[in-house]
Amino acid sequence: MLPAFSVAIPCFNEAARIGETVRSTLNYLSAQSPDAELIVINDGSTDATSAIVREALGGAKVQTQFLENFPNRGKGAAVRTGLLAATKPIGLFFDADLSTPLGEIPKVIEPIAKGDVDLAFGSRALDRKLIGIRQPWRREQAGRVFNLIVRLATGMPFWDTQCGFKAFRMEACRPIIEAAKIIGFGFDVELLLLAQRAGLRLREIPVRWNHHEGSKVRFVHDSVRMLREVLSLRANNAVNPKGA
């Protein structure tokens, strides 16, 4: 059994899969952590996502919240909304496509529960044998280049900042989540950088991962934007949770 923790799932136009994701997550939590909490954040969807989530949450055996951002603000904003609404000591967010299987949750929850780290996050780069279905070659190579740029620009030693599977000891991490400003896909880098600058204990953990079609990342547009966001973090010496 796992300790109590809050799960935040951001979603934008995920009508095709969010119902199954919510039901699977509720089943996992009720079996593995009955005191857990599920928070779903609808980030201004224009399809049936909202109605499907409400139906899937009906009859839940664990605590739930359904939050709505309108209009669409970006994944970073949705994740922050969810994590800041968390009522449990540990907060975890993951993507609506369940690219990282639910069975990997203990890998990031247990080190925090044991008091070993403040922020634990999944990585596809540390053990690529754990990747089942790979991304298209072009997208995978772009991801590697992006993470190299992140390492050079920020000085962080991590090899995969973008895997959507991160857990936080909320008492320590709430200030950095509140201080974060990036609302788009570059928010992961900012959270890790703020945590490192605050002297928190971070751990990158290899997890199983599978590519699923339907990513909301627009390859060229969002890649350029994410690079700009990372470079702005390097240039902005004011990015500091103590002074935010």
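Quick note: residue numbers are just sequence positions, from 1.
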Discussion item. Please report the interatomic distance OG(S123) to CZ(R203), rounded to the nearest 0.5 Å.
Written reply: 13.5 Å

Worksheet entry | Spacing of L202 atom CG and D118 atom CG [to the nearest 0.5 Å] | 7.5 Å

Worksheet item: Tracing side-chain links under 4.5 Å among I, L, V, M, F, W and Y, which residues wind up in one group with I131?
Response: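 Hydrophobic cluster check, I131: joined to W209.
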
Do [Y] and [X] meet the salt-bridge criterion of a basic N to acidic O distance under 4.0 Å?
| X | Y | answer |
| --- | --- | --- |
| K114 | D116 | no |
| E55 | R23 | no |
| E37 | K88 | no |

Item to complete: Answer whether the closest heavy-atom distance between the side chains of D127 and L130 falls below 4.5 Å.
Response: yes

Discussion item. Is there a side-chain contact between R134 and H211 in this structure, where contact means two heavy atoms from C-beta onward sitting under 4.5 Å apart?
Written reply: no

Fill in: Whether T100 side chain and F165 backbone form a donor-acceptor pair below 3.5 Å
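Pair absent, no side-chain N/O of T100 close to backbone of F165.
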
Ignoring hydrogens, what is the shortest heavy-atom contact between [X] and [Y]? Give both atom names and the distance.
| X | Y | result |
| --- | --- | --- |
| N147 | T161 | OD1-N, 2.9 Å |
| C11 | V40 | SG-CG1, 3.8 Å |
| I176 | L194 | O-CD1, 3.5 Å |
| I177 | M170 | CD1-CE, 3.9 Å |

Item to complete: Step through the shown structure and confirm whether more than 12 heavy atoms of other residues, nucleotides or ligands are within 6.0 Å of CD on E178.
Response: yes

Practice prompt. List in chain and number order the residues that pass side chain to side chain donor-acceptor pair (under 3.5 Å) with R80, two or more places apart in sequence or in another chain; answer none if no residue qualifies.
Written response: none

Worksheet item: Would E14 and S45 count as having a side-chain donor-acceptor pair, cut-off 3.5 Å?
Response: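 Result is no, nothing qualifies.
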
Worksheet entry | Sole residue of K75, K166, R17 in salt bridge (charged side-chain N to carboxylate O under 4.0 Å, His left out) with D95 | K75

Worksheet entry | Stepwise side-chain contact (heavy atoms from CB on, under 4.5 Å) test for V53 and N42 | CA-CA 9 Å; V53 171; N42 177 28; over 6 Å; no

Worksheet item: Does the separation of the ring centres of F187 and F93 fall below 6.0 angstrom?
Response: yes

Worksheet entry | Candidate pair I39 and F66, rule side-chain contact (heavy atoms from CB on, under 4.5 Å), full reasoning | CA-CA 6 Å; I39 306 168; F66 181 42; over 6 Å; no

